[in-house]
**Student:** 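My structure is below; once you've seen it, I'll send some questions.
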Amino acid sequence: DISDKPVNKGREVVEKDGDTESRYTVYDTKELRMTAVAVELPGERVTWKIFHHFCWLIDPGFKGTECLRLLPESLYNYNWEKVSEVTGRILYTMNGADYCAPYFELGPKLYIGLFTFNTEDIFAEFSFPEDGENKRGYIVYTVVREDEEQYMEEFIEYIVDSRVDYTHQTGRLQYPVKTAAEHSLKNPWAYRRAFRTVEDVLHFYNVGDEIRAVKAD
């Protein structure tokens with residue numbers, strides 16, 4: 001699944017139809033491409049390796065900190081087990097050469113839900129250099145289906161739902177100073193001048209041998 005996300009405020013459009021007025025936001029530019037890939041691995045139990053990849057279509061420059069917040073399938077669906085640690089790295093290109101590095105920090109943090117229960121999500125924290133181009137990165141993990149014999153006998157569908165929030169620092173001026181992860185740990189969807197968060201979802205289900213993707217924008 002590939003989708004381009006806006007990391008800007010967009011522009012407000014006002015339309016009037018008689019006494020009715022409607023307002024909505026139009027995004028002329030979508031700067032961040034999010035790609036999600038699921039690969040089914042061989043084995044006795046249903047096993048999926050899940051990749052979440054991002055790539056900037058423009059040069060975001062250096063504003064400060066960035067972070068990914070992963071909501072893995074195994075966190076919310078108890079029919080799955082996470083059988084590998086989350087790994088990944090960030091990359092960029094400069095003068096024709098590709099450079100890569102591990103995340104500054106990659107691991108669980110307690111997410112304080114605003115209207116939902118608290119969860120221990122996976123956070124990947126990093127910054128990009130001011131120079132370079134084709135700035136990108138990824139995270140990957142594996143899940144396996146529990147009690148596979150029972151599910152195969154009942155021939156019922158199963159759902160894979162893996163989500164990533166990308167929080168980008170849009171400006172250097174903020175008070176009090178927070179990192180992108182600290183912002184994301186509270187309410188990342190609240191308006192803050194220094195940050196913007198976008199969500200990407202890989203969502204598909206299986207019935208028998210058929211895989212059907214569900215688009216979630």
**Student:** Please tell me whether Y138 and I2 are part of a single hydrophobic cluster in this structure, the criterion being side-chain heavy atoms less than 4.5 Å apart.
**Tutor:** no

**Student:** Tell me, do N8 and R196 make a side-chain contact under 4.5 Å, heavy atoms counted?
**Tutor:** no

**Student:** Whether the side chain of K30 engages the backbone of Y27 through a donor-acceptor N/O pair (distance < 3.5 Å, no angle test) should be reported.
**Tutor:** no

**Student:** Using a 3.5 Å distance criterion without hydrogens, assess whether the side chain of K135 forms a donor-acceptor pair with backbone atoms of P129.
**Tutor:** yes

**Student:** Go through it in stages, so that I can follow the logic: the residues are R163 and D161, the test is salt bridge (charged side-chain N to carboxylate O under 4.0 Å, His left out), and I'd like the CA-CA distance, side-chain angles, deciding distance and then a yes or no.
**Tutor:** CA-CA 7 Å; R163 299 167 184 257; D161 189 329; 2.8 Å; yes

**Student:** Spell out, as yes or no, whether a donor-acceptor pair under 3.5 Å connects the side chain of R172 to the backbone of F62.
**Tutor:** yes

**Student:** Taking NZ, NE, NH1 and NH2 as the nitrogens, is one of them in K109 or E125 under 4.0 Å from a carboxylate oxygen of the other?
**Tutor:** yes

**Student:** Should M94 and I90 be regarded as members of a common hydrophobic cluster, given that ILVMFWY residues are connected when their side-chain heavy atoms come within less than 4.5 Å of each other, either directly or indirectly?
**Tutor:** no

**Student:** Can you name the closest pair of heavy atoms from V86 and L106 and give their distance?
**Tutor:** O-CD2, 3.3 Å

**Student:** Between Q169 (side chain only) and K63 (backbone N and O only), is there a donor and an acceptor less than 3.5 Å apart?
**Tutor:** yes

**Student:** Between atom CZ of F123 and atom OG1 of T167, what is the distance when rounded to the nearest 0.5 Å?
**Tutor:** 8.0 Å

**Student:** Does I139 reach the side chain of Y103, with side-chain heavy atoms less than 4.5 Å apart?
**Tutor:** yes

**Student:** Determine the minimum heavy-atom distance between N134 and C55, stating which atoms define it.
**Tutor:** OD1-SG, 3.3 Å

**Student:** Grouping I, L, V, M, F, W and Y whenever their side-chain heavy atoms are under 4.5 Å apart, do V160 and V143 come out in a common cluster?
**Tutor:** yes

**Student:** Would F195 end up clustered with V177 when hydrophobic side chains under 4.5 Å apart are linked, directly or stepwise?
**Tutor:** no

**Student:** Taking the side chain as everything from C-beta on, heavy atoms only, tell me whether L32 gets closer than 4.5 Å to H168.
**Tutor:** no

**Student:** Is there a side-chain contact between S3 and D200 in this structure, where contact means two heavy atoms from C-beta onward sitting under 4.5 Å apart?
**Tutor:** yes

**Student:** Using a 3.5 Å distance criterion without hydrogens, assess whether the side chain of K5 forms a donor-acceptor pair with backbone atoms of E199.
**Tutor:** yes

**Student:** At what distance, to the nearest 0.5 angstrom, does CG of L185 lie from CZ of R69?
**Tutor:** 8.5 Å

**Student:** Can you classify the ring geometry of F128 versus F126 as parallel (below 30°), tilted (30 to 60°) or perpendicular (above 60°)?
**Tutor:** perpendicular

**Student:** Can you say whether the rings of Y166 and W56 are parallel (under 30°), tilted (30 to 60°) or perpendicular (over 60°)?
**Tutor:** perpendicular

**Student:** Would you confirm whether T47, through its side chain, and R45, through its main-chain N or O, come within 3.5 Å as a donor-acceptor pair?
**Tutor:** yes

**Student:** Taking the side chain as everything from C-beta on, heavy atoms only, tell me whether H52 gets closer than 4.5 Å to L68.
**Tutor:** no

**Student:** Is D165 reaching over with its side chain to a backbone N or O of S184, donor-acceptor style, under 3.5 angstrom?
**Tutor:** no

**Student:** Taking the side chain as every heavy atom from C-beta outward, state whether V13 and E15 have any pair of such atoms under 4.5 Å apart.
**Tutor:** yes

**Student:** I'd like to know if the side chain of T65 pairs up with that of S127 as donor and acceptor (distance under 3.5 Å, no hydrogens or angles considered).
**Tutor:** no

**Student:** V7 and Y92: same hydrophobic cluster, using ILVMFWY side-chain contacts below 4.5 Å?
**Tutor:** no

**Student:** How long is the span from the CD atom in E130 to the CG atom in D59, to the nearest 0.5 Å?
**Tutor:** 8.5 Å

**Student:** Using every non-hydrogen atom in the two residues, find where C100 and R89 come nearest and quote the distance to one decimal.
**Tutor:** SG-NH1, 3.3 Å

**Student:** Show the nearest heavy-atom pair for residues P6 and V198, with the distance to one decimal.
**Tutor:** O-CG1, 3.2 Å

